[in-house]
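In what follows, every chain begins at residue 1, and chains take the letters A, B, ... in the order their sequences are listed. Computed over heavy atoms, backbone and side chain alike; hydrogens, waters and symmetry mates excluded.
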Number of protein chains: 2
Amino acid sequence: MYEIFQKYLDEKTILTKAESELIQSFAIIKKLRKRQYLLQEGDIWKYDAFITSGCLRTYSVDEKGSEHVNSFSIEKWWTGDRESLMFQQPSRFNIDAIEDSELILFTHDNFEFLCREIPAFNNMVNTILQKSFIAAQNRIQASLSLTAEEKYLNFITKYPGFASRIPQTMIASYLGMTPETLSRIRKQTAKK
Amino acid sequence: MYEIFQKYLDEKTILTKAESELIQSFAIIKKLRKRQYLLQEGDIWKYDAFITSGCLRTYSVDEKGSEHVNSFSIEKWWTGDRESLMFQQPSRFNIDAIEDSELILFTHDNFEFLCREIPAFNNMVNTILQKSFIAAQNRIQASLSLTAEEKYLNFITKYPGFASRIPQTMIASYLGMTPETLSRIRKQTAKK
DNA sequence: GTAAAAACTTGATATAGATCAAGTGTTTTG
DNA sequence: CAAAACACTTGATCTATATCAAGTTTTTAC
């Protein structure tokens with residue numbers, strides 16, 4: 001499924017044939033079965049990972065054993081733990097597959113090499129990072145200013161496909177509420 | 001106070017004399033009195049802004065008129081609205097000064113020019129962006145998994161100087177709780 | 001295809017934190 | 001330096017959402 005990534009690159013950058021081939025030469029294909037881990041708490045994350053198909057979730061587990069979903073990532077998005085990667089420290093997160101998934105991994109050394117050698121690639125990466133940051137800011141704002149119901153409505157508007165692919169329990173956790181609360185909210189909003 | 005920014009650059013990058021001078025040639029010094037706005041909701045943000053002294057807050061106002069503090073920024077940090085800047089759309093945020101402050105502004109065109117011309121500058125900017133993203137992720141995690149008291153303790157541990165410079169009302173808003181709740185938490189934790 | 005596991009719903013009750021209200025203390029500014 | 005504006009505290013009460021519990025539906029896996 002490298003073509004999906006190639007297509008993504010072609011949409012986001014202009015690369016020479018040699019550059020494209022250089023990128024491809026570093027790509028590691030990785031398949032994950034549903035429920036399989038990509039990263040477990042305590043591991044040091046060493047990759048930059050692009051999802052060609054499927055859906056993953058990043059979550060942490062607190063002292064009481066409750067899971068908190070930090071993010072969902074689907075096809076044509078990147079995933080991983082930037083903090084563990086940047087500081088080479090044990091991750092506080094788990095990343096696992098919600099669906100059978102296929103990813104393309106680059107070791108971080110190779111990825112940095114590509115960023116250095118291919119300015120267009122570097123620019124693409126920076127743009128993605130900026131958008132991720134903006135999305136994180138917006139999520140913080142939503143968590144500060146919206147009620148549980150508003151958070152849910154905001155979520156389904158922003159990510160229309162997600163509600164049907166992701167178990168409600170996980171969505172509830174992502175939104176910072178219990179599954180029961182989300183279930184009741186859905187019942188109410190369905191009426192309207 | 002350009003020296004503060006120069007020192008910051010010297011710590012984070014290695015620049016030639018010519019590069020340093022190029023950067024300085026674009027710098028716009030801006031002074032803000034306490035309570036003065038740097039950006040108001042509806043404006044389109046056009047700069048990259050470095051704070052040499054003082055303290056600013058970024059906040060939004062919801063339909064009910066309540067303010068929600070998105071972030072605080074102090075000396076040696078950057079501020080602005082990346083979303084408004086990136087998409088050249090009206091900002092949903094206000095940024096104002098909590099203390100008399102002094103900033104260095106670069107118009108975004110100039111800033112992008114610097115990133116293109118000076119790879120070391122570009123790398124510095126990317127590193128900052130990555131750290132900002134990591135901080136945002138951590139904030140999301142905290143908001144999902146901590147109680148009000150834990151959020152406050154986490155905050156003062158992470159940003160030790162802030163509690164004495166910033167009004168409690170604003171800290172409460174930043175942490176997603178009411179000023180009354182924060183006041184009670186502080187009373188309790190003071191006892192221990 | 002069926003038993004077990006996982007996901008979702010619904011009701012009853014509890015609680016963390018919000019809201020309202022009235023006070024005190026502390027800056028700011030003319 | 002006085003008075004207005006702002007910041008903080010404390011108490012009483014309320015409410016959105018959590019928790020606990022028991023049932024139903026859907027999915028998974030042999």
Check: Over its full length, what angle do the end axes of the helix from C:dG1-D:dC30 to C:dG30-D:dC1 make, each axis taken from five pairs and the result rounded to 10 degrees?
Finding: 60°
Notebook entry, point to check: Phosphate oxygens OP1/OP2 of D:dT10: is one of them under 4.0 Å from a side-chain N or O of B:Lys187?
Noted result: yes
Next item on the list: Calculate the interatomic distance between A:Glu150 atom CD and D:dT17 atom C1'; express it in whole Å.
Entry: 14 Å
Notebook entry, point to check: Whole Å only: how far is the CZ atom of A:Arg33 from the C1' atom of D:dT27?
Noted result: 17 Å
Margin query: Ring of B:Tyr174, cation from B:Arg139 - is the NZ or CZ under 6.0 Å from the centre and inside 45° of the axis?
Written below: yes
Checklist line | From OG1 (A:Thr16) to CD (A:Glu21), nearest 0.5 Å | finding: 8.5 Å
Notebook entry, point to check: Which ring-ring contact (aromatic ring centres under 6.0 Å, His included) pairs, counting each pair once, include a residue from residues 130-150 of chain B, with sequence neighbours left out?
Noted result: none
Margin query: How many whole angstroms separate atom CD of A:Glu99 from atom P of D:dT28?
Written below: 11 Å
Next item on the list: Give the rounded distance in Å between these two atoms: OH of A:Tyr152 and C1' of D:dT17.
Entry: 17 Å
Checklist line | Proximity to DNA chain C (any heavy atom under 4.0 Å), residues of residues 155-173 of chain B only | finding: none
Notebook entry, point to check: Honestly, is A:Arg165 close enough over A:Tyr159, meaning NZ or CZ under 6.0 Å from the six-membered ring centre and within 45° of the axis?
Noted result: no
Note to self: Under 4.5 Å side-chain heavy-atom separation, chaining through any Ile, Leu, Val, Met, Phe, Trp or Tyr, what else clusters with A:Ile14? Say none if it is isolated.
What the structure shows: none
Next item on the list: List the protein contact pattern of nucleotides 16-30 of chain C with one symbol per nucleotide (5' to 3'): B for base contact, S for sugar-phosphate-only contact, - for none; contact means a heavy-atom distance under 4.0 Å.
Entry: -SSBBB------S--
Margin query: Using the rule given for side-chain contact (heavy atoms from CB on, under 4.5 Å), can you reason through A:Phe113 versus A:Phe26, listing the C-alpha separation, both sets of side-chain angles and the distance that settles it, and then say yes or no?
Written below: CA-CA 10 Å; A:Phe113 176 79; A:Phe26 290 138; 3.6 Å; yes
Checklist line | Pair B:Asp96 + B:Arg35: basic N to acidic O under 4.0 Å | finding: no
Checklist line | Pairwise distance OG(A:Ser71) to CZ(A:Phe93) - rounded to 0.5 angstrom | finding: 8.0 Å
Margin query: Pair B:Glu149, B:Arg186 - check salt bridge (charged side-chain N to carboxylate O under 4.0 Å, His left out), show working.
Written below: CA-CA 8 Å; B:Glu149 180 176 354; B:Arg186 286 177 48 119; over 6 Å; no
Next item on the list: Output the rest of the hydrophobic cluster of B:Leu105: all Ile, Leu, Val, Met, Phe, Trp and Tyr residues reachable through side-chain heavy-atom contacts under 4.5 Å, sorted by chain and number.
Entry: B:Ile28, B:Leu32, B:Leu38, B:Leu39, B:Trp45, B:Tyr47, B:Ile51, B:Leu56, B:Leu85, B:Ile95, B:Leu103
Notebook entry, point to check: Is it the case that B:Asp81 and B:Ser91 place a side-chain donor and acceptor less than 3.5 Å from each other?
Noted result: yes
